[in-house]
Number of protein chains: 2
Amino acid sequence: MSVPLAIVLPVAAAPPSLADNTADLDRLKAALSAALPTELAGLPLRIPFSRMALLAAQFRAAGFKGWAVAHNLPGQLELTDFLAEEPQQLPGIALDLGSTHLEASLIDLRSGKTLAPRRTALNQQVAYGADILTRIHCATKEDGQHQLQQAAAASINGLITQLCQENAVPPEAIRAAVIAGNTTMSHLLLGLSPYHLCREPYTPLFNAADPFLAAEIGVKLHPQAMLWLLPSRGSYFGGDLIAGILATGIDQAEQPAMLIDVGTNAEVVLGGKDWLIACAGAAGPALEGGVARMGMRAAPGAIEQVSIDREHWRLTWRSIADAPPVGICGSGLIDLAAELYLARIIDLRGKFQTEFAGQSEGQRNVVQERLRQCGEELAFVVTDGVAVSQTDLDAMMRSKAAMYAILETLTAQVGLSFEELERIHVAGAFGEHISPRHAIILGMLPDVPLTVFNPVGNTSLAGAEQLLLDHTLWTRTQAVCRKITYLELNVNQDFMIRFSGSRFIPHTDPGRFPSVPDFSRRRE
Amino acid sequence: MSVPLAIVLPVAAAPPSLADNTADLDRLKAALSAALPTELAGLPLRIPFSRMALLAAQFRAAGFKGWAVAHNLPGQLELTDFLAEEPQQLPGIALDLGSTHLEASLIDLRSGKTLAPRRTALNQQVAYGADILTRIHCATKEDGQHQLQQAAAASINGLITQLCQENAVPPEAIRAAVIAGNTTMSHLLLGLSPYHLCREPYTPLFNAADPFLAAEIGVKLHPQAMLWLLPSRGSYFGGDLIAGILATGIDQAEQPAMLIDVGTNAEVVLGGKDWLIACAGAAGPALEGGVARMGMRAAPGAIEQVSIDREHWRLTWRSIADAPPVGICGSGLIDLAAELYLARIIDLRGKFQTEFAGQSEGQRNVVQERLRQCGEELAFVVTDGVAVSQTDLDAMMRSKAAMYAILETLTAQVGLSFEELERIHVAGAFGEHISPRHAIILGMLPDVPLTVFNPVGNTSLAGAEQLLLDHTLWTRTQAVCRKITYLELNVNQDFMIRFSGSRFIPHTDPGRFPSVPDFSRRRE
């Protein structure tokens with residue numbers, strides 16, 4: 001069984017006697033050393049100065065028997081607490097620090113069990129700017145960096161308080177925290193300047209922070225709780241992705257596998273146990289609801305599925321949580337565009353078709369009923385109050401083109417074809433809600449068997465949870481960081497060429513998508 | 001060459017570029033790793049959270065070239081500072097924290113050179129009680145522990161300020177401190193309860209503290225300066241003695257050697273590279289000036305040498321620093337007693353002789369001139385204002401008997417004779433001022449060739465200095481602590497018997513002191 005980042009172990013020592021008057025703290029250390037699991041045996045055991053008096057007093061008061069709490073720091077153990085009674089649990093927190101939302105889970109480090117369902121909260125930094133660039137700019141202003149740090153800490157504390165209240169766990173019982181976020185979020189959380197992150201040559205101030213006291217950044221847990229921040233691999237490849245690699249295990253895969261995480265950027269990792277290559281590109285906004293006028297995050301009320309029955313020409317949709325529809329999220333947009341393409345209501349370029357031969361009556365009805373002039377442009381009405389305009393579709397087309405070009409550039413870089421990928425993990429809300437079939441029709445995802453695609457949810461949080469429960473993963477994250485080759489797309493000519501070739505449905509070269517109906521030759 | 005506890009090394013890195021956009025702090029770590037001496041290569045390199053922003057800013061401002069300061073912590077390096085310019089020196093402080101006096105030296109960790117002569121200061125804890133037991137009692141009173149901690153820190157800060165001012169070194173330039181003190185002093189310095197130290201079974205709260213920030217106990221150096229406290233081996237064998245073992249190297253000696261350190265107690269270590277045995281006993285007070293009425297510490301004005309020319313019956317003396325005489329220190333008292341014995345003015349029991357046959361005229365003159373009735377007892381006047389009474393002599397006799405009994409018990413315990421000792425190191429002011437010949441005459445030190453005795457000065461401070469300049473000695477101190485067998489004299493029957501046998505000059509069994517005139521048979 002793996003050993004978590006913090007442990008609590010029963011220790012027992014004989015009371016001092018003339019025959020054995022070892023000092024109290026040396027006695028405690030010896031008792032803990034004897035109780036350590038094999039994996040930790042022989043590690044240097046340290047007691048922080050600030051805990052010496054308390055530990056000695058507690059150990060003596062308990063009659064030299066009880067429970068010792070220690071942290072598994074890199075290469076050493078830190079003995080920080082002594083409890084007279086066996087604690088029911090040893091809570092830890094895993095947290096995904098997104099630029100818009102945080103998601104966290106409370107986990108018992110003793111049993112490895114999740115103490116509560118995951119919870120999300122808004123990142124209060126949103127008040128200082130919706131996107132990363134605005135926040136980096138804000139950080140350069142007087143006190144901006146400090147305010148953003150405080151906002152991040154407040155968001156984290158708020159979410160932890162909520163989780164703790166719901167589960168009757170006092171926050172000061174939490175002994176370890178693992179946080180995964182992108183590189184900018186990591187800098188802002190630590191109150192460190194993100195200035196150079198967005199300026200050539202895009203150099204982070206740090207990639208790998210050594211574990212530190214959560215209290216040092218205002219995160220309120222046990223006073224000795226350590227905070228482990230997942231390391232980044234450059235300005236555009238953050239700890240959230242490193243966590244994703246842990247969660248999907250592609251760094252240990254025998255056969256090449258891929259991880260696609262779509263947030264503000266599309267971030268993609270490809271590789272296996274011997275090598276890893278990664279890149280990121282701006283494929284996300286239209287898919288995350290950031291660009292489409294009616295677009296929204298995958299949240300209750302977001303239309304996430306759309307289909308057009310081409311026999312009876314009926315359009316059906318489903319919203320998340322079956323809530324009244326208030327917008328459309330990335331997966332809904334992809335479904336809609338693919339269905340509109342199959343219904344030939346949009347053409348290869350993703351443009352609304354207003355007239356062409358061979359239309360059936362049902363098809364004409366759909367167009368007449370739902371395609372409306374909206375200001376200067378056409379828009380397709382999915383349902384009352386939710387319409388997708390040509391501008392929205394154009395943005396989506398750019399995103400899908402970017403996504404496919406990214407995947408193609410990355411695989412081509414290592415001389416692989418998509419068919420050689422054993423697994424394509426699709427992370428996040430995107431992976432959870434997307435219909436890979438529709439994405440293939442659009443030419444956004446490669447035309448491989450649907451079973452290759454694996455929706456994996458929030459891998460940033462899942463990786464953080466895994467690290468919480470297995471201290472050896474800290475070393476593994478460092479190995480992953482060293483192993484990753486990062487491919488810079490901004491200066492990549494091949495990528496630009498591939499991007500242009502991908503701006504059709506499914507592609508300029510329809511031969512790459514044999515399973516998708518090719519309307520280009522049949523077009524009048 | 002040995003590597004000190006803190007190092008400063010030139011580091012240089014290429015500035016960030018698109019081809020190499022490693023994060024600033026990772027770049028700095030890599031540059032330092034490349035610059036490390038072989039002994040430190042491969043050690044984990046940590047940056048404390050509180051130094052991340054500063055280090056990154058300084059490294060970048062200096063153009064990614066300059067000087068990195070790191071601490072050699074056990075099993076890891078801590079990178080704490082970056083300097084644009086080469087520092088002239090990297091000062092460290094070594095300090096002997098005595099219960100009455102502190103002695104310290106300022107050392108350049110780069111060159112290994114002492115920056116200033118050693119300086120001493122009064123331990124301000126004296127205001128709370130002259131002896132250890134009073135201070136332990138004081139620590140149990142409300143706020144007493146805190147006040148004693150503050151007094152220790154204030155004494156240390158005062159002495160450091162003095163040393164720094166004399167040498168134009170700002171205290172905040174000091175990067176490492178090594179402090180050696182007895183077990184009670186160590187507890188009081190750290191603000192930890194000494195309550196159990198003097199209560200059966202005499203259990204310290206701690207023996208070995210892990211290095212911590214000097215700032216944590218109010219010692220004002222560089223904010224990141226680490227404080228290394230020499231470990232103790234039980235309540236009665238402190239870090240001062242462990243330092244003495246380092247300084248004399250008896251833990252590495254091929255042939256058995258002995259270290260005698262006389263302070264409030266006489267503390268004795270015997271051994272070599274394979275084993276060490278130690279004990280402590282109350283032999284000190286009379287020798288340290290704590291009991292004799294005119295007694296004083298070895299300080300300017302203390303009579304430290306006395307001789308009586310037995311041809312012309314002239315008494316001569318010398319005071320320390322040739323200052324006007326104000327008292328008599330341990331070595332002066334030993335000289336005087338031995339000379340009085342040889343002059344047959346005191347008898348085998350150390351009692352003043354007022355009448356016996358065979359006195360020469362000169363001898364009678366000395367007695368008439370200097371032996372006076374002083375209240376209810378006799379006193380011998382060394383010079384105007386400095387007299388030694390029968391009570392003083394009695395205390396001295398007890399001390400000398402205790403000392404010899406300690407040495408005899410310890411050597412007997414391991415089956416050695418004094419003749420088998422290659423070296424007897426005599427530490428402290430006692431070792432510096434004592435005349436081994438006179439001590440042998442009294443039967444205080446064993447009757448071995450005078451060349452065996454080696455005065456070694458303040459070995460507590462010398463050991464602290466050595467650790468400052470060689471980080472591997474930290475591990476050695478721990479090995480020494482594990483290796484020492486501590487012999488408890490309080491419950492030792494043999495010791496009590498030997499103590500009784502030693503209460504004569506030179507001994508009940510004069511055969512043990514063949515070089516000393518034996519007056520017992522010639523006595524009328």
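Lettering follows sequence order; numbering is per chain, from 1.
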Practice prompt. Can you sort out the partners of Glu78(B) under side chain to side chain donor-acceptor pair (under 3.5 Å), two or more places apart, ordered by chain and number?
Written response: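 Checked Glu78(B) against side chain to side chain donor-acceptor pair (under 3.5 Å); matches are Arg46(B).
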Discussion item. Could you check whether any side-chain N or O of Asn21(A) sits under 3.5 Å from a backbone N or O of Thr203(B), counting only pairs where one atom can act as donor and the other as acceptor?
Written reply: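 Absent.
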Worksheet item: With Ser235(A), which residues qualify under side-chain contact (heavy atoms from CB on, under 4.5 Å), at least two apart?
Response: Leu197(A), Tyr202(A), Pro204(A)
Worksheet item: How far apart are the C-alpha atoms of Glu488(B) and Leu18(A), what are their side-chain angles, what is the distance that settles it, and do they pass the side-chain contact (heavy atoms from CB on, under 4.5 Å) test?
Response: CA-CA 9 Å; Glu488(B) 187 56 69; Leu18(A) 276 177; 5.5 Å; no
Discussion item. Checking an interface table here. Which of residues 55-63 of chain A come within a heavy-atom distance under 4.5 Å of chain B?
Written reply: Ala56(A), Arg60(A)
Could you tell me which portion of [X] (side chain, backbone, both or neither) has an atom closer than 4.5 angstrom to a non-hydrogen atom of chain A?
X        : value
Thr22(B) : backbone
Pro16(B) : both
Leu45(B) : backbone

Looking at chain B, which one of [options] has the largest number of heavy-atom pairs inside 4.5 Å, strictly under?
options                                   : answer
Ala53(A), Ser17(A), Pro15(A)              : Ser17(A)
Gly191(A), Ser193(A), Ala23(A), Gly234(A) : Ala23(A)
Ile47(A), Asp26(A), Leu192(A)             : Asp26(A)

Practice prompt. Return yes when atom CZ of Phe64(B) has more than 12 non-hydrogen atoms of other residues, nucleotides or ligands closer than 6.0 Å, and no otherwise.
Written response: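 Yes - once you tally the heavy atoms of other residues, nucleotides and ligands closer than 6.0 Å, there are more than 12.
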Practice prompt. Among the options His196(B), Glu200(B), Arg233(B), pick out the one with the most heavy-atom pairs lying under 4.5 Å from chain A.
Written response: His196(B)
Item to complete: Sort by residue number and list every member of residues 205-224 of chain B having a non-hydrogen atom under 4.5 Å from chain A.
Response: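 Expected list: Leu205(B), Phe206(B), Asn207(B), Ala208(B), Ala209(B), Asp210(B), Pro211(B), Phe212(B), Glu216(B), Ile217(B).
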